[in-house]
Amino acid sequence: MRSTVPAGRPNRLFRNLNSKIALIPMILTALVVFLGGTVWTVVYSFTRSGLLPRLTFVGLDQYERLWAAPRWIISIQNLAIYGVLSLIFSLVIGFILAALMDQKIRFENTFRTIFLYPFALSFIVTGLVWQWILNPEFGVQSVVRSIGFTNFTFDPLYNSQIVIYGVLIAGLWQGTGLVMCLMLAGLRGIDEDIWKAARVDGIPMWRTYLFIVIPMMRPVFITTLVLIASGIVKVYDLVVAQTSGGPGIASEVPAKYVYDYMFQAQNLGQGFAASTMMLITVAIIVIPWAYLEFGGKKRG
């Protein structure tokens with residue numbers, strides 16, 4: 001009688017072999033284009049590259065010039081103001097809208113489409129629309145004055161002290177709808193029994209949201225935070241469409257600084273240095289998120 005020996009399980013390396021082979025082009029693309037491009041940018045940020053890349057190393061000279069440039073300092077200040085306010089208002093407004101939509105209101109699909117529609121537009125279109133709306137000659141200021149309020153003034157894009165807040169308005173209008181949808185998806189994932197238990201215990205609605213629902217939505221908040229923050233760091237189109245960095249350099253942002261030095265001032269070394277600083281900022285955002293999302297789970 002011949003004994004049957006069960007065939008051994010295939011080596012883990014060779015499972016789903018066809019799928020792994022199909023991934024090779026994408027893996028090579030990621031390594032060569034993204035990782036290779038990143039290393040290339042960092043290396044050449046220490047060189048005296050002008051119109052063309054040159055391997056003439058100058059140490060930290062480009063970074064010293066970068067942090068001594070008033071234009072770069074203004075761009076960092078603008079990014080900080082825009083970033084902090086954008087994070088706060090996007091999360092607060094998005095969550096409030098999501099909480100209202102979660103009440104099973106009539107025409108929910110219509111409202112959801114209306115709020116999400118601006119996100120489908122490009123930043124260039126959004127910038128041009130809000131440039132028109134905030135234009136004092138035929139925008140909000142003109143409309144309000146035409147109905148009798150002749151002393152009303154609202155021209156943020158033409159005031160160097162508050163121009164970044166005009167850019168912020170356009171950014172919030174475009175991005176808050178996406179935040180609302182993410183929050184709404186998180187709210188819809190909360191077990192209905194939790195809401196029932198809170199009502200039975202007589203817990204006020206605001207306390208239920210603040211102490212029960214929001215802590216349960218932590219992964220949604222972290223993901224939303226990373227999406228908003230990564231968009232803030234690379235904000236460029238909105239500024240170019242609305243103000244082109246003006247008045248003067250009052251609305252400069254790091255991404256525009258990089259573009260101008262690399263393609264207009266023909267100073268690749270300075271542009272690479274600024275790009276590297278932006279890369280460090282993105283890493284500071286992404287690494288803690290990756291640790292919270294993956295490292296913490298593995299430990300648990």
- Task: Begin with the C-alpha distance, continue with both residues' side-chain angles, and end with the deciding distance and a verdict on side-chain contact (heavy atoms from CB on, under 4.5 Å) for L85 and I164.
- Result: CA-CA 11 Å; L85 294 180; I164 194 63; over 6 Å; no
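- At a threshold of 4.5 Å between non-hydrogen side-chain atoms, the residues W72 and I74 do not count as touching.
- Side-chain atoms of L279 and T38, non-hydrogen and from C-beta on, do get closer than 4.5 Å to each other.
- Scanning for ring-ring contact (aromatic ring centres under 6.0 Å, His included) contacts around Y209 gives F95, W195, with sequence neighbours left out.
- Take R65 and apply the side chain to side chain donor-acceptor pair (under 3.5 Å) test, not counting sequence neighbours, and it matches Q62.
- The side-chain heavy atoms of M183 and L91, taken from C-beta on, include a pair separated by under 4.5 Å.
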Side chains of residues 211-224: which donor-acceptor pairs under 3.5 Å do they make with residues two or more places apart or in other chains?
from	atom 1	to	atom 2	distance (Å)
T223	OG1	P219	O	3.0
T224	OG1	V220	O	2.7

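- The side chain to side chain contact (heavy atoms under 4.5 Å, CB included) test with I232 is passed by exactly one of T281, L227, L79: L79.
- With sequence neighbours left out, the ring-ring contact (aromatic ring centres under 6.0 Å, His included) criterion links F46 to Y63.
- For T29, the side chain to side chain contact (heavy atoms under 4.5 Å, CB included) partners at least two apart in sequence or on another chain are V33.
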- Task: Please step through side-chain contact (heavy atoms from CB on, under 4.5 Å) for the pair V282 and S230, ending with a clear verdict.
- Result: CA-CA 6 Å; V282 172; S230 60; 5.6 Å; no
Validation: residues 119-130 side-chain donor-acceptor distances under 3.5 Å, sequence neighbours left out:
from	atom 1	to	atom 2	distance (Å)
S122	OG	V125	N	3.2
T126	OG1	S122	O	3.2
T126	OG1	Q174	OE1	3.3

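- Residues satisfying the salt bridge (charged side-chain N to carboxylate O under 4.0 Å, His left out) criterion with E108, sequence neighbours excluded, are R112, R188.
- Around the CD atom of Q103, the shell of radius 6.0 Å holds more than 12 heavy atoms that belong to other residues, nucleotides or ligands.
- Applying the ring-ring contact (aromatic ring centres under 6.0 Å, His included) test to residues at least two apart or on different chains, the pairs with a partner in residues 21-40 are W40-Y44, W40-F272.
- Heavy-atom neighbours of Y165 OH from other residues, nucleotides or ligands within 6.0 Å: at or below the threshold of 12.
- Counting only residues at least two apart or in different chains, side chain to side chain donor-acceptor pair (under 3.5 Å) contacts with residues 151-160 comprise N135-Y158, R145-T153.
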Show every donor-acceptor pair shorter than 3.5 Å between a side-chain atom in residues 234-258 and any protein atom, with sequence neighbours excluded, or say none if there are none.
from	atom 1	to	atom 2	distance (Å)
T243	OG1	V239	O	3.2
T243	OG1	G245	N	3.2
T243	OG1	S251	OG	2.6
S244	OG	V240	O	3.2
S251	OG	G245	O	3.1
S251	OG	G246	N	3.2
S251	OG	G246	O	2.6
E252	OE1	R71	NE	3.4
E252	OE2	R71	NH2	3.3
E252	OE2	K256	NZ	3.2
K256	NZ	D260	OD2	2.8
Y257	OH	Q270	OE1	2.9

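- Annotation for L52: hydrophobic cluster partners, listed by chain and number, are L51 (ILVMFWY side-chain heavy atoms under 4.5 Å, direct or chained).
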- Task: For L97 and F115, run side-chain contact (heavy atoms from CB on, under 4.5 Å): C-alpha distance rounded to whole Å, both residues' side-chain angles, the deciding distance at 0.1 Å, then the answer.
- Result: CA-CA 9 Å; L97 289 175; F115 287 128; 4.0 Å; yes
- Determine, step by step, whether I190 and D102 satisfy the side-chain contact (heavy atoms from CB on, under 4.5 Å) criterion, reporting the C-alpha distance in whole Å, the side-chain angles of both residues, the deciding distance to 0.1 Å, and the verdict. CA-CA 11 Å; I190 302 296; D102 194 42; over 6 Å; no
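- Contact of the F111 side chain with the I105 side chain is registered, since non-hydrogen atoms from C-beta on lie closer than 4.5 Å.
- The side chain to side chain donor-acceptor pair (under 3.5 Å) check on S49 picks up T47, with sequence neighbours excluded.
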